[in-house]
Amino acid sequence: MSKDEERVNNLIAEVRMLESTYNDLSSRQSLLERILIETRSSLDTIKGLSASTSEEVLVPVGGGILLRASPPKTDKVLLNIGANVVVEKTKDVATKFLDARAGDLEQDITAVASQRNQIAQRLESDQRALQSLLNRQGQ
């Protein structure tokens, strides 16, 4: 096996590994973004319910069905702090917790996006090198 053939094989293996890593990072970023949206939605809901003077709220139960209900008390909320552990906290404590979680998620998303961009640059570089080697072999 010539040196160029060995280099081509190494580049192909590296490109496949980088593509896999890129896809994993993309999936992780999407998951983190969905969790961030859910966290912000929870914050908005807690703030909105405490500010609401409505006598009735609509609760979605799925399939386009809504139930009429009395607004829940928002002075205390049940907060999942991780590992399916739920604790009762005041609205202010829960809001601060969710704000901190949202900040952490934003930092994580930024870090994953940065890693993804680095992988994309390296992947592009390896693909160009591979194409160059293949063109040289074809001549």
Side-chain angles (χ1 to χ4, degrees):
M1 180 182 286
S2 75
K3 196 171 191 177
D4 280 347
E5 288 174 342
E6 185 176 329
R7 177 78 174 130
V8 166
N9 289 336
N10 289 340
L11 280 172
I12 289 171
E14 187 169 334
V15 164
R16 286 182 181 155
M17 189 246 343
L18 289 171
E19 286 173 340
S20 174
T21 302
Y22 182 86
N23 291 335
D24 290 345
L25 288 171
S26 294
S27 296
R28 182 164 185 223
Q29 183 176 353
S30 295
L31 175 64
L32 289 170
E33 288 169 348
R34 285 191 305 270
I35 293 170
L36 178 60
I37 289 168
E38 182 180 313
T39 300
R40 286 184 178 155
S41 176
S42 297
L43 271 167
D44 291 344
T45 300
I46 290 172
K47 290 175 183 175
L49 283 175
S50 62
S52 175
T53 58
S54 175
E55 297 294 319
E56 178 179 86
V57 294
L58 300 175
V59 179
V61 293
I65 305 296
L66 302 170
L67 298 177
R68 296 177 192 269
S70 299
K73 295 179 185 176
T74 57
D75 54 333
K76 298 268 186 173
V77 297
L78 298 175
L79 178 66
N80 184 341
I81 58 172
N84 290 325
V85 175
V86 178
V87 294
E88 186 175 64
K89 296 289 182 181
T90 65
K91 180 188 81 152
D92 291 336
V93 170
T95 300
K96 287 177 186 171
F97 179 85
L98 290 173
D99 278 333
R101 182 184 283 172
D104 291 345
L105 286 166
E106 288 168 350
Q107 288 177 351
D108 290 346
I109 290 168
T110 301
V112 169
S114 175
Q115 289 174 346
R116 209 174 120 224
N117 289 339
Q118 289 173 354
I119 295 293
Q121 290 172 354
R122 185 150 175 220
L123 180 60
E124 185 178 327
S125 172
D126 283 358
Q127 287 173 335
R128 279 195 308 263
L130 180 61
Q131 188 63 43
S132 174
L133 279 171
L134 291 174
N135 288 341
R136 215 174 357 163
Q137 283 181 346
Q139 292 177 352

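These numbers were taken from a predicted model, which means no experiment stands behind them.
- Shortest non-hydrogen contact noted between Leu98 and Ser42 is CD1-CB, 4.0 Å.
- The main-chain N or O of Arg128 is never found under 3.5 Å from a side-chain atom of Ser132 such that the two would form a donor-acceptor pair.
- Using a 4.5 Å cut-off between side-chain heavy atoms of Ile, Leu, Val, Met, Phe, Trp and Tyr, with links allowed through other members, Leu11 and Leu134 fall into the same hydrophobic cluster.
- Here the CG-CD distance, from Asp75 to Glu88, works out to 8.5 Å after rounding to the nearest 0.5 Å.
- A 6.0 Å sphere centred on NZ of Lys91 holds more than 12 heavy atoms belonging to other residues, nucleotides or ligands.
- For the pair Gln107 and Asp104, the minimum side-chain heavy-atom distance is below 4.5 Å.
- Considering every non-hydrogen atom in both Glu55 and Pro71, the closest pair reads O-CD, 3.5 Å.
- Using a 3.5 Å distance cut-off with no hydrogens or angles, the side chains of Glu5 and Asn9 do not pair a donor with an acceptor.
- Of the residues listed (Asp92, Leu79, Leu43), the one engaging Phe97 in a side-chain contact (heavy atoms from CB on, under 4.5 Å) is Leu79, and it is the only one.
- Between the side chain of Ser125 and the backbone N or O of Gln121, no donor-acceptor pair lies under 3.5 Å.
- The local environment of CZ in Arg116 is crowded, with over 12 non-hydrogen atoms from other residues, nucleotides or ligands closer than 6.0 Å.
- Across all their heavy atoms, Leu36 and Ile109 have their closest contact at CD2-CD1, 3.8 Å.
- Closest heavy-atom contact between Arg101 and Asn80: NH2-O, 3.0 Å.
- No continuous path of ILVMFWY side-chain contacts below 4.5 Å connects Val57 to Leu66, so the two sit in separate hydrophobic clusters.
- Annotation: the span from Asp108 atom CG to Arg28 atom CZ amounts to 6.0 Å, rounded to 0.5 Å.
- Val8 is listed as a side-chain neighbour of Ile12, based on a closest heavy-atom distance under 4.5 Å.
- Considering CE of Met17 and CG of Leu123, their distance stands at 9.5 Å, rounded to 0.5 Å.
- Taking 4.0 Å as the cut-off between side-chain N and carboxylate O, Glu38 and Arg34 do not count as a salt-bridged pair.
- In this structure, the side chains of Leu32 and Gln29 stay at 4.5 Å or more apart for every pair of heavy atoms.
- For the pair Ser114 (side chain) and Thr110 (backbone), a donor-acceptor distance under 3.5 Å is absent.
- Contact of the Asn10 side chain with the Glu6 side chain is registered, since non-hydrogen atoms from C-beta on lie closer than 4.5 Å.
- Hydrophobic clustering (side-chain heavy atoms under 4.5 Å, transitive across Ile, Leu, Val, Met, Phe, Trp, Tyr) keeps Val15 apart from Leu133.
- Using a 4.5 Å cut-off on side-chain heavy atoms (C-beta onward), Arg68 and Leu58 make contact.
- Listed by chain and residue number, Ser41, Leu49 satisfy the side-chain contact (heavy atoms from CB on, under 4.5 Å) test with Thr45 (two or more places apart in sequence, or in another chain).
- Both Val87 and Ile46 belong to a common hydrophobic cluster when Ile, Leu, Val, Met, Phe, Trp and Tyr are linked at side-chain heavy-atom distances under 4.5 angstrom.
- Placement of Leu105 and Leu31 within a single hydrophobic cluster is found when ILVMFWY residues are connected by side-chain heavy-atom separations under 4.5 Å, directly or transitively.
- Taking CD of Glu124 as the reference point, atom CZ of Arg122 lies at 14.0 Å (rounded to 0.5 Å).
- Scanning both residues, Leu67 and Val61, for their nearest heavy atoms gives CD1-CG1, 3.5 Å.
- Using a 3.5 Å distance cut-off with no hydrogens or angles, the side chains of Gln131 and Gln127 do not pair a donor with an acceptor.
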